[in-house]
Q: 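Structure below; questions to follow.
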There are 2 protein chains.
Amino acid sequence: MVTMSDVAKAAGVSRATVSYALRGDPRIAAATAEKIRQAAQKLHYNANISARSLRSGRSGIIGVAIYELDRPYPSEMSAAMSREIARRGYQPIVQQTSGSKDDEIMILQKVTSQLCDGMIFSPGQVSDEELRALSHGKPMVLLDDISPDPVFDSVNTACEDGSAAAVRHLIDIGCKHVVVVGPSYDMLLDDKMASSVVGRRMTGCLRAFEEAGVDVDASNFLPLEHWDPIPAREAAYRLLDSDDYRDADGVFCMTDTIAISFMRGLADRGVRVPDDIALVGFDGVTESEYAVPSLTTVRTDLDDLARRTLDLLIDRINANVGGVGIDAAGDAGDNAGDGLAFPDAPQRLTAAWELVKRESTRR
Amino acid sequence: MVTMSDVAKAAGVSRATVSYALRGDPRIAAATAEKIRQAAQKLHYNANISARSLRSGRSGIIGVAIYELDRPYPSEMSAAMSREIARRGYQPIVQQTSGSKDDEIMILQKVTSQLCDGMIFSPGQVSDEELRALSHGKPMVLLDDISPDPVFDSVNTACEDGSAAAVRHLIDIGCKHVVVVGPSYDMLLDDKMASSVVGRRMTGCLRAFEEAGVDVDASNFLPLEHWDPIPAREAAYRLLDSDDYRDADGVFCMTDTIAISFMRGLADRGVRVPDDIALVGFDGVTESEYAVPSLTTVRTDLDDLARRTLDLLIDRINANVGGVGIDAAGDAGDNAGDGLAFPDAPQRLTAAWELVKRESTRR
DNA sequence: TTGTAGGCGTTATCAC
DNA sequence: GTGATAACGCCTACAA
């Protein structure tokens with residue numbers, strides 16, 4: 001391994017000078033800096049991240065921790081985040097939380113919060129308060145976190161407006177009995193109605209029903225225990241087999257993956273989409289465009305999502321630099337939260353989206 | 001941040017004792033060790049990875065660097081790798097190489113080879129020799145790397161046998177004119193025929209054709225500049241529009257993503273699968289099961305792939321420890337078996353696979 | 001069985 | 001402008 005000392009020796013200067021020069025400190029003479037850069041280049045020098053991180057607390061890495069890397073939406077989102085992180089001059093790393101709480105904690109404790117200058121996290125089981133403790137004062141932006149009393153910045157998908165648009169579209173094309181696949185009707189009574197993704201998407205649906213003058217009951221909702229392909233496919237059988245849903249002619253599935261699996265379930269029974277049942281999904285994954293029939297969906301603009309997320313995160317990272325530098329009196333990060341020179345209130349943004357109309361609702 | 005000193009103070013011992021105890025060194029008395037563990041637990045102590053890595057060169061992290069995280073196959077593969085890495089007690093991190101050579105180099109230089117005890121890499125543009133330099137002596141296992149003179153261990157998909165099975169299956173169900181989508185017929189003259197994924201898959205196809213007594217010419221191959229959805233969809237139009245392929249009745253696409261896009265292209269023109277044209281893919285992504293019609297495919301067993309990959313990698317990591325430390329009596333059982341302090345020759349394994357027959361070839 | 005001490009490569013605080 | 005020098009938190013020979 002070639003270290004800073006090697007570069008210093010090659011350039012005939014001290015280690016300190018190398019450090020300054022490579023980091024672009026203006027105090028170093030241009031000629032010296034150039035000489036040092038060339039020496040570094042020739043030796044294929046690369047700063048040791050562990051050493052830098054140990055000494056300065058900064059690594060140049062931004063971490064993305066996400067649930068289920070093997071599903072289309074999370075993986076396309078991670079890819080978009082990775083690209084945007086790289087574009088901002090940071091190194092992206094992605095981690096899979098697999099949905100278990102221990103896993104999420106482990107990842108944050110062991111890797112992300114230690115190694116990363118900032119984190120992008122899609123919280124599953126861990127509460128905001130726990131996250132605060134796990135973040136070690138490092139900046140973090142949450143995805144689709146709607147907790148009533150937010151601790152971190154977050155960027156959300158357009159749950160309400162998007163879902164409302166989906167249901168409205170089904171009604172517009174003439175559906176008389178629209179069924180929403182995902183939530184249970186009982187959800188209405190749940191106190192998480194306003195603070196969870198499913199609750200907010202359901203709220204959007206209800207708004208659309210109401211605006212269209214449609215009375216809603218349990219037969220407008222087909223609950224899904226897990227938002228996975230197999231239960232979603234079987235949900236289609238349930239819909240077809242139950243008297244409650246027999247005249248259903250329009251279905252809104254809360255994710256594209258559910259929609260595509262549901263569509264497969266309909267195909268298993270020979271039900272035609274959109275002729276017999278029209279179908280709308282949510283997310284706008286690539287797969288939705290290539291399905292047969294292609295899927296109408298509420299597409300989240302992932303590039304916009306990534307851009308907004310990194311705007312927030314990098315602002316916080318830069319703010320932290322100023323803060324940490326003066327931070328001689330221990331880790332004030334926590335207790336000074338409501339004080340002066342400290343971060344403003346958590347922001348909450350929504351990513352751009354659009355309803356993409358395709359064959360599954362073409363009538 | 002709570003350091004080892006804090007734990008030492010809380011437990012009333014020295015830092016060294018804490019280090020030994022937490023790493024399970026048998027020299028520490030059981031009672032002392034337990035006391036230390038409890039103190040660490042209570043203080044929520046977590047070893048600082050940067051410090052550990054700087055001092056010992058080991059971080060407990062294994063990195064996966066892969067091309068295009070937003071495609072189904074790579075993302076499902078990364079997820080399988082992540083799970084297996086975690087199962088072995090390491091922390092997984094995933095990075096997207098995006099296919100550019102600079103990117104691959106950057107990732108290896110700046111992050112992976114520095115931070116990780118071992119790497120799993122799916123090489124795109126970088127040659128084996130360059131990789132050797134970039135690896136900094138850290139163990140690495142390559143995926144689907146078929147270079148004639150391998151430097152690293154690798155685990156491959158069953159390119160030849162899998163492709164042969166795909167083509168054979170199309171012939172078995174009665175296809176008279178099978179077209180392989182992906183490679184160009186000119187590939188045969190290419191010197192990378194034996195050392196690239198596309199070349200080896202093509203070799204498998206040729207074997208199946210030959211065994212079936214089918215004469216092959218350019219009309220059995222439909223080249224694809226990029227293995228992406230849009231060109232694949234358009235390839236279907238090309239197939240239908242060209243006289244060369246007019247009587248094609250069976251198609252083998254070199255990946256599932258190509259197959260599904262191609263199938264979409266056929267649907268655009270009202271061509272029925274499998275009635276008019278039968279279709280086989282390669283990979284076995286989840287999506288292939290939910291497509292309509294469901295896609296017959298050469299499924300790679302990703303769990304098996306991950307298992308074999310980590311068997312190789314962790315062996316090398318442990319061997320490296322033996323080499324680096326002066327650990328005389330160490331677990332020589334593994335590494336000192338053959339030869340001296342030098343690693344054995346690169347191994348090359350193939351992941352389990354199966355031909356999954358589905359609707360797209362049901363006749 | 002446990003403590004002491006030195007150093008991993010970098011950055012930051014001083015002098016010069 | 002540049003160069004010594006001291007940490008950052010941990011690991012590990014060696015001493016006790």
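Here is the naming used below: chain letters follow the sequence lines, and residue numbers restart at 1 for every chain.
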Q: Suppose we screen for salt bridge (Lys or Arg N to Asp or Glu O under 4.0 Å). Which residues come up paired with Arg52(B), at least two apart in sequence or across chains?
A: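 Partners of Arg52(B) by the salt bridge (Lys or Arg N to Asp or Glu O under 4.0 Å) criterion come out as none, since no residue qualifies.
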Q: Looking at DNA chain C, which of residues 13-28 of chain A put a heavy atom within less than 4.0 Å of it?
A: Arg15(A), Ala16(A), Ser19(A), Tyr20(A), Arg23(A)
Q: How about NZ on Lys101(B), more than 12 heavy atoms from neighbouring residues, nucleotides or ligands closer than 6.0 Å, or not?
A: yes
Q: Tell me, which of residues 31-51 of chain A have any heavy atom that sits under 4.0 Å from an atom in DNA chain D?
A: Thr32(A)
Q: In whole Å, what is the span from the NZ atom of Lys9(B) to the P atom of dG3(C)?
A: 15 Å
Q: Quick one: on DNA chain C, does Arg55(B) or Ala29(B) contact a more 5' nucleotide (nearest heavy atom)?
A: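 Going by which nucleotide is closer to the 5' end, it is Ala29(B).
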Q: Run the side chain to side chain contact (heavy atoms under 4.5 Å, CB included) test against Met4(B) and tell me which residues pass, sequence neighbours left out.
A: Arg15(B), Val18(B), Ser19(B), Tyr45(B)
Q: Determine whether more than 12 heavy atoms belonging to other residues, nucleotides or ligands lie under 6.0 Å from atom NZ of Lys110(A).
A: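 At most 12 heavy atoms, drawn from other residues, nucleotides or ligands, come within 6.0 Å of this atom.
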Q: Considering residues at least two apart in sequence or located in another chain, which fulfil the side chain to side chain contact (heavy atoms under 4.5 Å, CB included) criterion with Ala21(A)?
A: Ile28(A), Ala33(A), Ile36(A)
Q: Say you draw a straight line from CD1 of Ile62(A) to CG of Leu115(A); how long is it, rounded to the nearest 0.5 Å?
A: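 Nearest 0.5 Å value for the CD1-CG distance: 13.0 Å.
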Q: For Ser50(B), what residues pass the side-chain hydrogen bond (donor to acceptor under 3.5 Å, both in side chains) criterion, not counting sequence neighbours?
A: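 Ser50(B): side-chain hydrogen bond (donor to acceptor under 3.5 Å, both in side chains) contacts with Ser53(A).
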Q: Between Gln95(A) and Thr112(A), does a side chain to side chain donor-acceptor pair (under 3.5 Å) hold up when you go through it step by step?
A: CA-CA 9 Å; Gln95(A) 293 186 270; Thr112(A) 325; 2.9 Å; yes
